[in-house]
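Numbered from 1 within each chain, the chains take letters A, B, ... in sequence-line order.
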Amino acid sequence: MNDPLFDDAFDDWEPPTRLSELARAGVPAPYLDGLNPPQREAVEALDGPVLMLAGAGTGKTRALTCRIAHLLSTGRAKPNEILAVTFTNKAAREMKVRIGGLIGGAIEGMPWLGTFHSLCVRILRRHAELAGLKSNFTILDTDDQIRLMKQLIRDANIDEKRWPARQLAAVIDRWKNRAVTPERIPAADARAYGGEGPALYARYQERLKVLNACDFGDLLLHVVRIFQENPDVLERYQRWFRYILVDEYQDTNVAQYLWLRLLAKAHQNICCVGDDDQSIYGWRGAEVGNILKFETDFPGAKVIRLEQNYRSTSHILAAASALIAANEDRLGKTLWTQENEGERLRLMGVWDGDEEARWIGEEIESFERGARGRDPVSPDEMAVLVRASFQMRAFEDRFLAIGLPYRVIGGPRFYERMEVRDAMAYLRVVASPDDGLAFERIVNTPKRGLGDKAQQEINRTARENGVNLLEGARIAIAEKRVSAAARNSLDKVVTLFDTWIERAGATDFDHVEGAMQILEDFGYLDHWRKEKTPDAPGRLENVKELVKALEEFENLQGFLEHVSLVMENEQEDSVPKVSIMTYHAAKGLEFDCVFLPGWEDGLFPSQRSMDESGKRGLEEERRLAYVGLTRARKHLTVSFAANRRMYNQWQSALPSRFIDELPRDHVEVLTAPGLYGGVYGAAASVPQGSVLEARAAEASAYNSPGWARMQARAGRRSLRSPTEARTAVVDAEVAHGPGDRVFHQKFGYGAVTEVEGDKLTVAFEKAGEKRVVASFVTAADEIPF
DNA sequence: CATCTTCGCCGTTGC
DNA sequence: GGCGAAGATG
């Protein structure tokens with residue numbers, strides 16, 4: 001057991017006495033209390049492959065943590081012999097805490113509980129040389145990746161406009177997700193990226209090696225390859241990890257799947273937990289297929305379904321279940337609950353995005369006060385979930401305006417800020433001098449008179465001599481390959497780095513103080529002190545905060561690794577705050593009160609997703625909606641706007657098709673009668689006896705898209721009374737033709753130039769040519785005011 | 001030759 | 001609104 005690969009910290013570890021005695025006596029451990037039968041089965045079926053199909057809110061985390069506690073307390077494995085994979089670092093942290101709570105808090109944490117990426121880094125550092133790297137390799141983020149690829153594209157004389165670097169990044173990413181190496185690109189992919197993809201991929205990997213760096217995909221790919229090519233190494237890990245657990249299995253990609261299968265091959269003690277209905281990372285290479293074929297991959301697998309939902313009220317669960325039922329590709333589960341009926345899902349239509357933010361702000365305050373006979377809800381228990389991050393700003397602006405505390409989760413993050421990335425680049429060069437991308441980033445930041453010309457020369461020199469940029473710079477100075485002014489300034493940089501690289505190698509190096517001094521010496525702190533822009537002081541603060549964050553780590557490398565993998569800077573604060581985040585970031589979380597704004601076709605479901613992946617894309621969008629709906633415990637509000645400002649332009653939108661799929665019985669419509677945007681809602685709240693009501697009764701298939709869309713058309717036109725609504729329903733059928741003069745609420749007057757179905761192309765006098773939905777314009781002579 | 005200024009283009013989701 | 005490329009300035 002004295003394998004130097006693995007720590008011996010747990011050699012003397014024993015399960016808590018009380019628990020092991022209970023286990024020996026055959027008495028159920030206390031943590032088994034209150035588990036429902038399938039949960040309990042999932043906890044107790046320790047040997048052989050197990051697939052836990054766990055619907056939203058069915059207590060899968062509980063089952064998972066209990067299972068680990070059970071492995072530990074029955075003495076099946078020590079804490080460091082269990083490999084447990086979570087989807088986020090946050091989930092890993094929380095799970096450690098919960099396991100500690102279950103078995104008595106005595107464990108020092110589980111070293112092999114983490115995300116695929118963090119686990120792979122640990123393994124890769126130990127065997128870096130088998131992948132052609134040094135063990136102090138750096139991990140590049142997306143930004144670095146793109147910059148590197150841009151260089152390669154330029155070198156290959158490819159037109160960057162026609163072939164954007166992002167696209168190459170996407171192509172290479174897809175290959176890595178599927179564990180495709182440059183040597184084994186499938187014939188079908190040979191034409192990727194204008195036929196240059198395979199060659200550029202190979203060159204990219206070569207450059208990474210030279211830079212002693214790897215990207216996210218590499219972390220897995222390198223380890224998989226090391227396992228495949230070095231059976232002795234693989235065998236040691238197979239023996240060490242006696243039990244394997246995987247959370248969010250529906251979101252694993254091919255590379256991750258291969259990694260797991262290699263590690264589980266010998267003993268097959270693998271337990272995967274997932275929910276095909278919550279698979280929302282297809283765009284990142286996740287294969288729902290992994291979960292669907294688990295039983296084939298691991299013969300004799302036990303499949304356990306968790307279907308009792310403990311989270312949401314029955315109205316909310318019913319609405320979510322009905323929505324997801326529209327998907328065809330699913331295993332199918334029947335969630336049920338014993339919770340109260342609760343409130344129905346509330347549906348609100350508004351005129352534009354600003355009004356939506358205003359209204360939600362007011363609603364949040366009203367929930368906080370406990371108005372309308374509700375129990376007060378803390379802001380910590382409320383969340384606004386959006387499809388895309390650009391939607392967040394409207395809410396931030398509004399919440400700032402009314403003084404409502406909020407936190408943005410997963411938005412533009414601390415470690416992505418320019419000044420923080422600059423500061424880190426300095427530290428990266430010191431910790432890992434081969435990191436040319438970091439060197440490039442700061443060689444002329446702050447300005448040192450080292451522009452394009454000088455930098456190109458450094459690059460060329462380095463490449464010709466086969467050395468890193470720092471050495472290249474040194475040679476360029478010695479050989480006078482750059483101008484005298486540049487030489488002088490560059491020499492200072494090189495000398496300073498030499499000094500600090502040496503100091504950092506010393507055993508008594510204080511990395512916190514050192515980091516601050518590095519930034520001081522290079523003039524980076526002064527740079528922000530001198531800057532007169534209003535945001536300069538804040539940026540200086542951020543840099544100082546970054547240095548402070550170093551305190552929690554043993555050395556620079558540890559810190560830099562943490563940043564590249566975790567990228568979050570959470571500080572617990574005392575003020576309760578409303579959370580704003582994307583659906584993707586909300587996975588695994590739950591709140592008493594959830595707002596889902598922006599349910600408009602094209603935004604949600606995202607047009608791009610549908611264009612790129614067709615029906616598959618739409619189904620993933622629907623699963624995203626399902627994830628959103630199932631985050632709510634008690635209060636759930638969906639809203640949509642008739643108009644939204646995007647890229648400084650007004651665009652009109654139809655309500656999301658997902659709204660049509662919400663079952664009427666579980667929905668309360670708040671949209672004001674006769675007000676614009678009265679979809680779905682218009683009819684439900686139209687006064688008795690009105691024409692709209694008659695039409696609603698007629699349409700037996702109330703939830704049919706056709707009906708809802710007709711409502712949309714009718715409601716869309718700033719109507720104030722049922723009388724106007726009646727006219728509107730008729731008007732909506734009136735077609736506009738080319739040449740007609742029309743009026744639009746936001747764009748003003750214009751002339752129709754083209755008609756295509758219900759979309760018009762209109763040349764507006766002020767706003768220019770726009771494509772609009774026919775129902776949003778009126779003939780210019782009958783403006784409804 | 002470096003840096004500052006303006007213009008046109010682009011724009012999910014994230015470990 | 002942000003970014004990079006091209007043009008203007010010092």
Whole angstrom value for the distance that separates C1' of B:dG11 from CZ of A:R608: 8 Å
Tell me whether the guanidinium CZ or amine NZ of A:R125 lies under 6.0 angstrom from the six-membered ring centre of A:F137 and within 45° of its axis. yes
Options B:dG14, B:dT12, B:dT3, nucleotide nearest the side-chain atoms of A:N444: B:dT3
A:L624 vs A:L450, nearer the 5' end of DNA chain B by closest nucleotide: A:L450
Is A:N177 close enough to B:dC15 that one of its side-chain N or O atoms is under 4.0 Å from OP1 or OP2 there? no
Rounded to the Å, how far apart are A:N89 CG and B:dC15 P? 8 Å
With heavy atoms under 4.0 Å as the rule, sort A:R623 into base, sugar-phosphate or nothing. nothing
Just N and O in the side chain of A:S389: are any of them under 4.0 Å from OP1 or OP2 of B:dT13? yes
Mind telling me whether A:F227 and A:Y237 have parallel, tilted or perpendicular rings, with 30° and 60° as the class edges? tilted
Does the pair A:R622/A:E661 count as a salt bridge with the N-to-O cut at 4.0 Å? yes
Carboxylate-amine/guanidinium contact A:E457 A:R460, below 4.0 Å: yes
What's the CZ-P distance between A:F87 and B:dG14, to the nearest Å? 10 Å
Between P of B:dC4 and NZ of A:K447, the distance in whole Å: 6 Å
Check the distance between B:dC15's P and A:I409's CD1 and give it to me in whole angstrom. 12 Å
Rounding to an integer number of Å, can you tell me how far A:R166 CZ sits from B:dT12 P? 8 Å
Any carboxylate oxygen within less than 4.0 angstrom of a Lys/Arg side-chain nitrogen, looking at A:D526 and A:R529? yes
Using only side-chain N and O atoms of A:T582, determine if any of them is under 4.0 Å from OP1 or OP2 of B:dG14. yes
Atom pair distance, as rounded to whole Å: NE2 in A:H117 and C1' in B:dC15: 4 Å
Would you kindly give the CE-to-P distance between A:M610 and B:dT12, to the nearest whole Å? 14 Å
State whether A:R448 places a side-chain N or O below 4.0 Å from either non-bridging phosphate oxygen (OP1 or OP2) of B:dT3. no
Stacking between A:W283 and the base of B:dT13 (centre distance under 5.5 Å, interplanar angle under 30°)? yes
